[in-house]
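Note sheet for the following structure.
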Amino acid sequence: MALANPGLVTPEIIRKYAQDGVVYIPQALSSTWLNLIETGIKRNLLNPGPYSTTFFDGEPGAFYGDWCNYENILEYRRLLADSPVADIVAAVLQTKNLWLYYDQIFIKEGGYCRRTPWHQDTSYWVASGKQLGSMWITLNAITKEESLECVAGSHRGPMYNSSAFDSADESKPIYNSDVRPRLPSIEDERDKWNIVSWAIEPGDVLILHPGVLHGGGAIANGRARRTLSMRFFGDDAVYVKPPGVPAPPYWGISERLKPGDALRDPYFPQIRAAR
Ligand SMILES: O=C(O)CCC(=O)C(=O)O
C-alpha cells in the first residue's frame, strides 16, 4: 500500500503518470508553502552551492541554476518534512517509501532568456525505475508557452545521450560515448512530437518522470520565472552506471553499488517511510 494519499491524487492522475510520464496538478500547494519556497530560493541565491551555474553566460537575461542544496537550505528541508510535496509525489509514484534524489532551481530573469534545451534527466542520473518523479514548482504565473514542455510518453521510449546545454548546439551530447543515441532535434520538428504543456498559476505543479523528454519555454524581456524542481525516487529505483561522470558526480557511489542494486546510499535522504 502506498503512503497516505493527500486527496488530490486521483486514480486518473496515477494512470496518466504511468502513461504520459507527466501530470499537471492544479492548486496543489497553498501560499504558506509557496512563501517558504520563495524564502528558500532567496537563501539559496545568497548561498550558492558548489554546482551553481549560469547557463548560456553572456546572453541578455540571467538563466541561473543550482542544485543539491537540501542540507544547507532550511526551507527545502521543512518543505519536504511538513508540506504535502512528498506525500503527493509518493501517491503519484505509488511507492511506500520516498527518497530525495536532489533539489534544483531554475531562475530566468533580467531580460530575454532562451529556452531550456530539450533533454532527458535520467541520462544524467544514476537511477532507473518507474517510481521516479520530479515535482516542478514555479512561483510565477506563466503562460503555456513559457512553461515546461514534455513529450508525452517519451519516458517509455529510448534513453538518449542528453544535452550538454551547449549554446551553439542544444542537442550536443553530454557524454563522449555513442552507447546512447543523440537527442532528436525536437524544436526543429515540433509537430512530429506529442508535446504537452500547461499555463501555471502559483500553487499549480507538474510531476514529471525524469525519463520524459522535456524543455522549458523562453522568457521574454520583462518577464521572470523562479522554479524549484524537487526530484525523488521510490521503492523500485535501481542504480545505473552512466557512460561518463554523472551529474552530480556522487563520489564513490560506483564502489558502493553495482548496476541493478536497489538505489540506497547516504547521498539520498529518505523523506517518507512506510508505516
Ligand atoms: O524549468 C526549466 O526550464 C527546466 C526544468 C527541468 O529541466 C526539470 O525540472 O527537470
Side-chain angles (χ1 to χ4, degrees), residues 17 20-25 28-29 37 40-41 44-45 51-56 59 61-70 76 79 85 88-89 92-93 100-110 112-127 132-152 154-155 159-160 162-167 170-171 174 183 186-187 195-200 202 204-220 223-233 246-248:
Y17 188 73
D20 292 349
V22 58
V23 287
Y24 161 73
I25 307 185
L29 298 178
I37 295 169
I41 291 180
N44 194 164
L45 293 174
Y51 305 121
S52 65
T53 185
T54 302
F55 300 108
F56 312 117
E59 297 194 358
F63 180 5
Y64 178 83
D66 200 353
W67 47 335
C68 303
N69 291 300
Y70 169 79
Y76 297 169
L79 184 76
V85 166
I88 293 173
V89 174
V92 171
L93 302 187
L100 179 68
Y101 193 73
Y102 60 72
D103 53 276
Q104 186 162 16
I105 56 171
F106 296 90
I107 312 293
K108 295 187 177 191
E109 54 197 18
Y112 173 81
C113 284
R114 70 157 76 192
R115 288 184 59 83
T116 314
W118 288 97
H119 64 283
Q120 202 178 28
D121 295 334
T122 37
S123 186
Y124 313 106
W125 288 24
V126 296
L132 309 179
S134 303
M135 184 183 276
W136 188 85
I137 309 164
T138 284
L139 298 178
N140 315 74
I142 53 169
T143 65
K144 197 169 179 292
E145 291 71 32
E146 294 168 326
S147 191
L148 195 75
E149 296 184 317
C150 297
V151 175
S154 53
H155 64 308
M159 159 97 77
Y160 294 98
S162 205
S163 170
F165 280 48
D166 182 293
S167 58
E170 292 190 355
S171 60
I174 183 97
L183 278 172
I186 299 172
E187 205 47 26
I195 297 174
V196 293
S197 73
W198 295 265
I200 296 289
D204 299 349
V205 302
L206 302 182
I207 300 176
L208 66 144
H209 187 286
V212 141
L213 288 160
H214 61 281
I219 296 292
R223 303 277 295 162
R225 159 152 86 79
R226 290 192 159 195
T227 300
L228 172 68
S229 211
M230 277 291 179
R231 306 160 178 307
F232 304 91
F233 62 90

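For ligands, and for the atoms within them, numbers begin at 1 and follow the listed sequence. Side chains included, hydrogens not; waters and symmetry mates left out as well; all remaining heavy atoms used.
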Any salt bridge linking Glu170 with Arg115? Criterion: basic side-chain nitrogen under 4.0 Å from a carboxylate oxygen.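 No, no charged N to carboxylate O under 4.0 Å.
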Inter-residue atom distance [X].[atom1] - [Y].[atom2], 0.5 Å rounding:
{"X": "Glu59", "Y": "Tyr112", "atom1": "CD", "atom2": "OH", "answer": "8.0 Å"}
{"X": "Ser123", "Y": "Tyr160", "atom1": "OG", "atom2": "OH", "answer": "11.0 Å"}
{"X": "Trp67", "Y": "Ile105", "atom1": "CH2", "atom2": "CD1", "answer": "12.5 Å"}

Counting from 1, what ligand 1 atoms have a heavy atom of [X] closer than 4.0 Å?
{"X": "His119", "value": "7 (O)"}
{"X": "Gly216", "value": "3 (O)"}
{"X": "Trp136", "value": "1 (O), 2 (C), 5 (C), 9 (O)"}
{"X": "Asp121", "value": "10 (O)"}
{"X": "Leu148", "value": "2 (C), 4 (C), 5 (C)"}
{"X": "His214", "value": "6 (C), 7 (O), 8 (C), 10 (O)"}

Apply side chain to side chain contact (heavy atoms under 4.5 Å, CB included) to residues Ser163 and Tyr124 and explain how you reach the verdict. CA-CA 9 Å; Ser163 170; Tyr124 313 106; 4.0 Å; yes
Considering heavy atoms of the protein only, find what lies nearest to [atom] and give residue, atom and distance to 0.1 Å.
{"atom": "atom 9 (O) of ligand 1", "result": "Ser229 OG, 2.7 Å"}
{"atom": "atom 3 (O) of ligand 1", "result": "Thr116 OG1, 2.5 Å"}
{"atom": "atom 1 (O) of ligand 1", "result": "Arg225 NH1, 2.7 Å"}

Only one of Arg223, Arg226, Arg225 forms a side chain to side chain donor-acceptor pair (under 3.5 Å) with Glu109, so which one is it?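 Exactly one candidate clears the test, Arg226.
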Whether Gln104 lies under 4.0 Å from ligand 1, heavy atom: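 Checking ligand 1 against Gln104, which is what was asked, there is no heavy-atom contact under 4.0 Å.
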Test your reading of the structure: does Arg231 have an N or O sitting under 3.5 Å from an N or O of ligand 1?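 Yes; the residue has a nitrogen or oxygen that sits under 3.5 Å from a nitrogen or oxygen of the ligand.
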Please say whether Lys108 places an N or O atom under 3.5 Å from an N or O atom belonging to ligand 1.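 No; every N/O pair is 3.5 Å or more apart.
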Counting N and O atoms only, with roles assigned by atom type, does the side chain of Ser229 sit under 3.5 Å from a partner on the main chain of Gln104, one being a donor and the other an acceptor?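 Flag not set: sc Ser229 to bb Gln104 has no pair under 3.5 Å.
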For Leu29, which of Leu79, Asp204, Val85 qualifies under side chain to side chain contact (heavy atoms under 4.5 Å, CB included)?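 That would be Val85; it is the only one of Leu79, Asp204, Val85 passing the side chain to side chain contact (heavy atoms under 4.5 Å, CB included) with Leu29.
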